[in-house]
2 protein chains.
Amino acid sequence: MGKRILLMGFCLVFLCIVRGENGYDLWLRYEKINDVTLRTQYRSLLAQLVVGQQSPTIKVAKDELKMALQKMLQMQITETSNTGFPGSLIIGTLASPAIAKLSLAKELAALGEEGFFIRTVSAGNHTATVIAANKDIGVLYGVFRLLELMQTHQSIVSIAIKEIPQVKLRVLNHWDNLNGTIERGYAGGSIWNWQQLPGIIDRRYIDYARANASVGINGAVLNNVNANAKSLTKEYLIKTAALADALRPYGVKVYLTARFSAPKEIGGLKTADPLDAEVIKWWANKATEVYHYIPDFGGFLVKANSEGQPGPGDYKRTHADGANTIARALAPHGGVLMWRAFVYENKKGSDRAKQAYNEFQPLDGKFDKNVLLQPKYGPIDFQPREAYHPLFGAMPKTPLVMEFQLTQEYFGFATHLVYLGSLFKEYLQQDTYAKGEGSTIAKVISGELEEHALSGIAGVSNMGSDVNWTGHPFAQSNWYAFGKFAWNPGADESEVADNWVRMTFSNDQHFLRPVKKLMLGSRETAVDYMTPMGLNHIMNFATHYGPGPWYKDPNWDAWDYHHADSVGLGVDRTATGSNAIAQYYQPLSDSFGNIKTVPINLLLWFHHVPWDHIMPSGDSFWNELVMQYYKGVAEVKEMQLAWDRVEGMIDQNRFQQVKHLLTQQGREAEWWRDGCVLYFQSFSHKKLPAGCARPAHLLSYYKSIPFPGY
Amino acid sequence: MGKRILLMGFCLVFLCIVRGENGYDLWLRYEKINDVTLRTQYRSLLAQLVVGQQSPTIKVAKDELKMALQKMLQMQITETSNTGFPGSLIIGTLASPAIAKLSLAKELAALGEEGFFIRTVSAGNHTATVIAANKDIGVLYGVFRLLELMQTHQSIVSIAIKEIPQVKLRVLNHWDNLNGTIERGYAGGSIWNWQQLPGIIDRRYIDYARANASVGINGAVLNNVNANAKSLTKEYLIKTAALADALRPYGVKVYLTARFSAPKEIGGLKTADPLDAEVIKWWANKATEVYHYIPDFGGFLVKANSEGQPGPGDYKRTHADGANTIARALAPHGGVLMWRAFVYENKKGSDRAKQAYNEFQPLDGKFDKNVLLQPKYGPIDFQPREAYHPLFGAMPKTPLVMEFQLTQEYFGFATHLVYLGSLFKEYLQQDTYAKGEGSTIAKVISGELEEHALSGIAGVSNMGSDVNWTGHPFAQSNWYAFGKFAWNPGADESEVADNWVRMTFSNDQHFLRPVKKLMLGSRETAVDYMTPMGLNHIMNFATHYGPGPWYKDPNWDAWDYHHADSVGLGVDRTATGSNAIAQYYQPLSDSFGNIKTVPINLLLWFHHVPWDHIMPSGDSFWNELVMQYYKGVAEVKEMQLAWDRVEGMIDQNRFQQVKHLLTQQGREAEWWRDGCVLYFQSFSHKKLPAGCARPAHLLSYYKSIPFPGY
């Protein structure tokens, strides 16, 4: 018998390896627990489920639990109202008798709207596991947390976990167009099937919502910031309402982008002037209409007077004028307005990095209470590394939403493996010194620093219709990590990566350790082979892919971003240059402004550095720059080797897919390195440092965009 | 032991039901064979695999076999060169010693380039199963056929199957745009990731190729007939070559659409006149360039002087002039040119149904040998039913490609369940009487009737990036059926449906029988609730979705297609009208032209029928028309009930998805019925017949496009 079962087991495993995984299940694979001890522990502690209440969200929580336990433990947890049995899992709010009688009111009070705790409690002469919250959604979050413990093979014998989200609005921004394309999307098309809505709810909407709930993402802006006014028509509101209904039980509120000229485009008005009485009325009526269809609609996200989008500036009104008109339409219904601070005039010769601050900082205090301003993490545009956005800490009267980008618009699309947890951590823990030391961006956006009730964080999504949702299998980690950092801006990027790898791939240390290392270094590696030492925005401007420090067209000149000349490289943003450093608090202003104290990874952001400049290492700047590029490429090779070594530890499908992507990434890292080094060499006229082999081709070869050498 | 294995088995089954299927595996699920007798038979007959040759295609065939047998039988077939064992499966061409020594040369000779046979032969004192062909691709087709036998639970004890495709070029047409959208696509976006090509080969390309090989589809036109000239640039040819490399082992040749104005758009020439020497040279060079990258490139598909596309007519040249220039560029390389006959002037008042015939028939004999003309199955545009295209049989000197449409542009997108096997059958078996009785369209396109070497059949694909490839789970059947009918135009639509249901869902008769019935009636049901009795092209012209017999804009007037007035309905295409009947051979011309003998399902295509006209049934035309609409809606309800009754027989995922789609289809069938009946009633001024309950709303309600009542 043992032999036969063993054979069957082998065949099953073999089946899994042969069949491979397609990534659809994301990190919610609920892989069977093979460890006998762990399995026994889990089974004994989760024998009964006590749920004393009903609601769509409670149902979702129960279904997820049952499905997960079936998969992980091959067991069907039985539902009972009797807490008297060993192995009871009691979940709920005070609406559940079983929870109510546990005398947890004081602890619950501290949890707020979405928090939860998971605790092992005494129940008679045995223990029980309790997941409790004030609201149903907290229960769902707690259930996902418990399942995460189990997927990461942690003990649940004695649990004492309490989690309260630090940021209120934790929102994905989908730059999805109504025609099914996704701007800066590299993982297929939009999953929102507007043609089939409202009648048909695609299974993907549900699995999307589950993934969000599992990491605490509680909002989704469904459409592109380059907005189509059609989204606000009755027809599309009805379709959106059906989507909202599908997402609601999972705690995901729906938001829409609002095209500022909608009063003209769909309202038939002659103007969209935010101070025009008809326009004000139109927005008020439109908001009422929206809330008629979607009573808990989140609000609008607006991109105005940016990159050709209409806005209040078209009528010589301020951003505050524009935002407040729409915000006042939303306010009676509890809605918020997120107004993007991604505004700049694309003027050659001016410092783009200063413009958003100059435009918005003076408006601090002029926005209505339900307006949040949404800057990107840096003042240029989602570069692999930027100095942080000086607006953070500079607008104490205005809640600011941090806008991260999960889709890798400047980070290698869906081809390069880049774990952004490192980036999230870096910017969230950045000290602005706005109120002295410790004034981190995390505290700014959580509302703690300046005591705001409203708080928010946004991630431009990398999710599309690809079977595995994100194109590159590892890109899923950025969706996961965004949720984790949004919930807790103080999260640890290594722990987040650890959990994700365990759930998505394997708990096996032989896999986990090298792959985590690979992930944690990946962002810096990409910085190194693309834009080291504070370089930025030197990609192919047309495609946003591959190197383009030589790029020039009537609208864009890469030189504006790197200022390469015979003297050196980098943009002087000190007092002798654009003086962007003045937008930062002390002591940052001084430390950024001093070539000796500026962090080396921002050197070229703030300084025009002579090729000969001697670095702290004692080597010349030119040599270090080149070596940084070569380091990046060498690191990709290390990633490739590390990945090769874990073959066989996961399914062939995903293993091979990542392997091939890493191969491509290596070729493109060389393209970046060689193109940039040869180009900058045409200014430095210096030899490559020892150990850096000459590129295989001439500069013209690397310039033959879109890709050389095929 | 028995109990434990049973429990494990139950859990596995339960897992499958809980987990559900997402449709990604199409009809190649290779579901585990639970029937012990069958399993024993298969295992005993397929114990060894004898393959005496190597090639990419042979490898693909082996891999498919191994994977399938592992899934179906939980066994690993061992490879051996020794045919002496029982249970040998010997596959190959004469290049394999094991095949060579079986003395099959004479039988192989008759198989042609792609044919194969599967036979049980004597091998010593036992039998062996042989799959043999002249070329490797035939072996792959044979392997898929054997696996189909097994998936449909047929005995393989004694096989004698020989299959030779009747049509040479069996091609999918993908109306995919380079930006990832699909024109008339309802199942997600394009799966061709042009940005990641040529470096990354998506797993989907392989599974797409497998699906095609499994039904004998041997070509794919990768891009939209509304072509983007960029597809012919070096950059894109290199990307296409990578795709071609990936598809080649599966026998799928790559084709591209060619924009007629490409010489200007990407060649920099001042003209695209096909008789201009520079233009001729440009096409010749371009073809040479294409074949440099893709040595076995199939050829071009061209849409010219149709719906705004550039063409020879822009230079006052004929279609033949235009086609021949490009064809001559392809000829030295063995390429073909498929020239679409979908040409019409959108002129109100003229009979569109006559135009393609008038335009192309006189050109018969004027096209070069490697040109095929490609008309749709009817002379208007993929309507649920049309009179067949009069070009079939009318151009004896020109090989014609039948263009079917798998994507349901006029058939309910991805929401309505419509099995098109019935439609394929109807048109392929249509007798044209071109050379007397028996001059079926099947014989026209196979080349048999008029003795052409070249032959082709095309299907506008319904495949996209949706996880299940086609949106509606049942839409997969149209991809499958197209392949089967392309290989054998004489196929039986019921047998095709039978096999598909077995492989895709279940061999259980309790499921198979009612679901087959549902499928076989579905096309006529859709005809009934949309456009019965020969009505056509009365949908919403803007969306191609939902009814629009009232539709009118500056370019389109639905009235041109139905001619409703106080007298009656339908378009007079007899001698007293547009005389389109003259384009058909006798006796069709006469029988179509006589209101008493015209098939009732084409009545309104050929005749303007008075509301009072007495039908063969004795009832008035008006009554029958209305009853046909009501019949269609009633049939959808029957489909819903039939589907409800099979709950539990397949996975919940796909069951629920189809259930919800059928619910939506029912609502939309009512929308069609009520909108059309009320609209036509405004002309007939007659009461609805007994038994037809009055619509719930006024006509204005049903006109409130895009969808009423939400």
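Every heavy atom of this structure was used, including side-chain atoms; hydrogens, water molecules and symmetry mates were not. Below, chain A is the first sequence line, B the second, and so on; all start at residue 1.
The salt bridge (Lys or Arg N to Asp or Glu O under 4.0 Å) analysis of residues 175-201 of chain B, with sequence neighbours excluded, yields the pairs R184(B)-E409(B). Within the structure, salt bridge (Lys or Arg N to Asp or Glu O under 4.0 Å) contacts touching residues 188-204 of chain A (residues at least two apart or in different chains) are R203(A)-D207(A).
With a 4.5 angstrom heavy-atom cutoff, D466(B) does not touch chain A via any of its atoms. Residue K239(B) touches chain A through its side chain alone, counting heavy-atom pairs closer than 4.5 Å. Both the backbone and the side chain of A414(B) come within contact range of chain A, each with at least one heavy atom under 4.5 Å from a heavy atom of that chain. Proximity to chain A (any heavy atom under 4.5 Å) is shown, for E235(B), by both the backbone and the side chain.
Remark: Q476(B) pairs with L26(B), W27(B), N468(B), T470(B), W500(B), T504(B) by the side-chain contact (heavy atoms from CB on, under 4.5 Å) rule, at least two apart or across chains.
Interatomic distance, N177(A) CG to T181(B) OG1, rounded to the nearest 0.5 Å: 11.0 Å.
Within residues 539-548 of chain A, the residues approaching chain B closer than 4.5 Å by heavy atoms are, in numerical order, Y545(A).
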### Task
Tell me, with the steps shown, if N22(A) and N22(B) meet side-chain contact (heavy atoms from CB on, under 4.5 Å).
CA-CA 11 Å; N22(A) 60 18; N22(B) 61 18; 4.0 Å; yes
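Your options are N179(B), I191(B), I200(B), and the one with the most heavy-atom pairs under 4.5 Å with chain A is I200(B). Heavy-atom pairs under 4.5 Å with chain A were tallied for S190(B), G180(B), S465(B), G471(B); the largest tally goes to S465(B).
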